[in-house]
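Worksheet: one structure, shown below.
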Amino acid sequence: MTPRLTAVQLEEFRSSIWDYYQHHRRSMPWRETADPYHIFVSEVMLQQTQVARVRQKYADFLQRFPSWHELAVARLADVVQQWQGLGYNRRARFLHQAAGEVVSRFACGLPADQQLLATLPGIGHNTAGAICAFAFGMPVVFIETNIRRVYIHFFFDGRYKVSDTQLLPLIEQTLDRSDPRQWYFALMDYGATLKAHGSNPNRRSAHYSRQPGFEGSRRQLRGAVLRLLVSGQRLALADIAAAVGEQHAGSLESVLSDLENEGFLAAEQAHYYLR
DNA sequence: GTCCAGGACC
DNA sequence: GGTCCTGGAC
């Protein structure tokens, strides 16, 4: 199933990655710090979102919410406002909730523990691993899209439906324990270039799927509703319906209900507002 | 205009 | 296995 690497294969692979990194490393602000809060914010932003779009948002967000405490005590509406343009607003709510938990559960700071980090909202095994590697320099095993590309490209040439379960033992075998932080930076930079040049190896991942269209979707409507309310105004159903337009009329009430249940919205006297 | 990148949670 | 956003590339 998963190949066991020889010492020579291992050395060749590591050399390829390090050599590429030496000449083509990408510079990013969150790579210049080991501050757990800064790393945490960057990793949540980088979930499902490309580096280019995160850069400015990262700087603005930290300017507005400089510490766990200031994020924890902020209004959710302010956090969502700061999040605008990144998409997947649930991440803003998770981040806000996570800050609350960090302040209450981990007064001494973020724990250097992958399992424990993965109990925080919005943090799964992979983001927890990234935080451990980048904030604490720990030799943990995790996978994300760029890393996935690298291992499929090198070790599963011509194969289809490659699962992460097959990749993880290889990531573990090849992990350079002398400097996990730089090693993962190097892997991700190599993976990013594989996408840019030639066919994307991740299409051969068992976890690849084509995404549905955005125009007219519930996702689009959710974004539109939050954008409408993010400035703090309270609006009646009819006002929201008028603002989001005819094409969303059928699903508006259901979307409002979802957003209310998720903790984004509240309603008083038939007027909706952002919490 | 159409396609596509990006993990967590239910 | 379905759902969640937005902007940039083509």
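Quick note on labels: first sequence line is chain A, next is B, and so on, each numbered from 1.
Using a distance-only test at 3.5 Å, with no hydrogens or angles considered, no donor-acceptor pair links the side chain of A:Asp189 to the main chain of A:Tyr21. Checked by atom type and distance alone, the side chain of A:Gln22 never pairs as donor or acceptor with a backbone atom of A:Trp18 at under 3.5 Å. A distance-only check finds no donor-acceptor pair linking the side chain of A:Asn89 to the backbone of A:Trp83 [under 3.5 Å].
Side-chain rings of A:Phe13 and A:Tyr151 approach one another, their centers coming within less than 6.0 Å. Taking the six-membered ring for Trp, A:Phe40 and A:Trp68 have ring centres closer than 6.0 Å.
Applying the 4.0 Å criterion to OP1 and OP2 of C:dC4, one finds that A:Asn89 has every side-chain N and O outside that range.
Neither side chain, A:Arg203 nor A:Asn200, offers a donor N or O lying under 3.5 Å from an acceptor on the other.
The residue A:Thr49 sits close to a base: some heavy atom pair falls under 4.0 Å. At the heavy-atom level, A:Arg149 lies under 4.0 Å from the strands shown only through sugar-phosphate atoms.
Residue A:Gln56 contributes atom CD, which lies 18 Å from atom P of C:dT6 at whole-angstrom precision. In this structure, CD of A:Glu144 is placed 14 Å from P of B:dA5, rounded to the nearest angstrom. Rounded to whole Å, the distance from CG on A:Leu95 to P on B:dA8 is 14 Å. Taking atom NZ of A:Lys195 as the reference point, atom C1' of B:dC4 lies 9 Å away to the nearest angstrom. Rounded to whole Å, atom C1' of C:dT3 lies 13 Å from atom CZ of A:Phe264. For the pair A:Tyr88 OH and B:dC9 P, the interatomic distance rounds to 14 Å; values are reported in whole Å. For the pair A:Met45 CE and B:dG7 P, the computed distance is 15 Å after rounding to whole Å. Rounded to a whole Å, the CG atom of A:Leu46 is 18 Å from the P atom of C:dC5.
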Next on the checklist: What verdict does the side-chain contact (heavy atoms from CB on, under 4.5 Å) test give for A:Arg105 and A:Leu116, after you've listed the backbone C-alpha separation in whole Å, the side-chain angles of each residue and the deciding distance to 0.1 Å?
Outcome noted: CA-CA 11 Å; A:Arg105 290 169 62 194; A:Leu116 202 48; 3.9 Å; yes

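Residue side chain A:Gln50 reaches the base of B:dA5 through a donor-acceptor N/O pair under 3.5 Å, judged by distance alone.
Shown for residues 210-228 of chain A: residues whose heavy atoms fall under 4.0 angstrom of DNA chain C, namely A:Gln211, A:Phe214, A:Arg218, A:Arg219, A:Arg222, A:Gly223, A:Arg227.
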Which atoms of nucleotides 8-10 of chain C (N or O only) lie under 3.5 Å from a protein N or O atom, and what are those distances?
none

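Heavy-atom distances to DNA chain B give each of A:Gly124 and A:Arg203 a nearest nucleotide, and the one nearer the 5′ end belongs to A:Arg203.
Note that the CZ atom of A:Arg222 and the OG atom of A:Ser217 stand 10.5 Å from one another [nearest 0.5 Å]. The distance from the OH atom of A:Tyr208 to the CD1 atom of A:Ile152 is 12.0 Å, given to the nearest 0.5 Å.
Comparing atom distances between the A:Arg90 side chain and each of B:dC9, C:dC4, B:dA5 picks out C:dC4 as nearest.
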